[in-house]
Amino acid sequence: MAEKLPPAFYTRADVVQVARDLIGKYICTRIDGILTGGRIVETEAYSGENDMACHANAGKRTPRTEIMYHEGGVAYVYLIYGLYALFNVITNVAGKADAVLIRAIEPVDGIPEMLLRRQHSRLSPKLTAGPGVLTRALGIQVAHYGTALTGDLIWLEDRQEMPSGNQIIASPRVGVAYAGEDARHPWRFRLQGSPWTSPAK
DNA sequence: CTAAGGATTAACT
DNA sequence: GTTAATCCTTAGT
């Protein structure tokens with residue numbers, strides 16, 4: 001039932017399509033030997049060098065963005081505001097700096113461990129709704145920068161149980177007002193009606 | 001070498 | 001609804 005997404009899923013040229021396809025897929029980690037995971041309900045696409053909101057815009061190549069030029073199927077994890085690790089999936093072929101940011105998941109596997117990591121006592125959307133908190137629940141850290149998503153530490157799965165009747169909503173991305181024209185692209189995708197999406201409006 | 005600022009969150013009022 | 005926390009990356013000197 002549950003199959004890891006193959007390399008060909010990530011190497012496709014249309015990052016916006018990949019971001020849309022990731023809604024309803026599962027992200028899992030086995031960190032410290034403990035399986036945790038959930039269903040992806042919110043993503044954003046960042047489209048390489050021509051996207052002002054992308055870290056690698058205008059071909060910017062730095063130690064941090066270097067992994068974005070890798071062939072699709074590896075993790076780009078970076079720290080924001082000195083506090084939170086944000087997890088991105090690198091897509092497209094080598095040399096194209098496309099990425100999909102995972103913004104929210106619905107907790108499914110290893111919920112007790114995720115509650116522990118987040119210091120929550122009860123299951124609620126706050127556990128994994130938001131790009132900086134879902135990584136904490138899953139145990140993803142900046143040290144996982146560059147991890148191959150075909151391995152056994154962090155991976156994505158298709159459980160072929162995308163709920164029918166749920167639509168995917170496209171809207172402008174969050175927190176990228178500085179990106180000018182590019183801020184208007186409807187490259188944020190959410191599962192309609194899901195209580196597990198991020199609080200950002 | 002130094003300084004400014006960020007793809008956010010949690011704890012407030 | 002508002003605001004402080006917090007530190008790495010980047011760009012400029």
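Bear in mind that the values here come from a model prediction, so they are computed numbers and not experimental data. Each chain gets a letter, A, B and so on, in the order the sequences are listed, and its residues count up from 1.
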Co-members of A:W155 in a cluster of I, L, V, M, F, W and Y side chains, linked at under 4.5 Å: A:L35

A:N50 atom CG, neighbour heavy-atom count above 12 within 6.0 Å: no

Counterpart residues, side-chain contact (heavy atoms from CB on, under 4.5 Å), relative to A:A200 (two or more places apart): A:R103, A:V174, A:R188, A:S198

Hydrophobic cluster partners of A:L116 (side-chain heavy atoms under 4.5 Å): none

Consecutive Watson-Crick or G-U pairs in runs of at least 3, all under 3.5 Å, in which DNA chain C is involved: B:1-6 with C:7-12, B:8-12 with C:1-5

Under 3.5 Å donor-acceptor pairs involving side-chain atoms of residues 145-154 of chain A, not counting sequence neighbours:
unit_1	atom_1	unit_2	atom_2	d
A:Y145	OH	A:P63	O	3.0
A:Y145	OH	A:R64	O	2.7
A:Y145	OH	A:I67	N	3.2
A:T147	OG1	A:H144	O	2.6
A:D152	OD1	A:K4	NZ	2.8

With sequence neighbours excluded, residues passing ring pair (Phe, Tyr, Trp, His ring centres under 6.0 Å) with A:F9: none

Along DNA chain C, first and last positions that approach a heavy atom of chain A under 4.0 Å: C:dA5 to C:dA11

Residues which pass salt bridge (Lys or Arg N to Asp or Glu O under 4.0 Å) with A:E49, listed by chain and number, not counting sequence neighbours: none

Partners passing ring pair (Phe, Tyr, Trp, His ring centres under 6.0 Å) against A:H185 (at least two apart in sequence or in another chain): A:W187

Cluster companions of A:V108 among Ile, Leu, Val, Met, Phe, Trp, Tyr (side-chain spacing under 4.5 Å): A:Y26

Contact pattern, 5' to 3', of nucleotides 4-13 of chain B - B, S or - by protein heavy atom under 4.0 Å: --BBBSS---

ring-ring contact (aromatic ring centres under 6.0 Å, His included) contacts in which one or both residues fall within residues 80-125 of chain A, not counting sequence neighbours: none

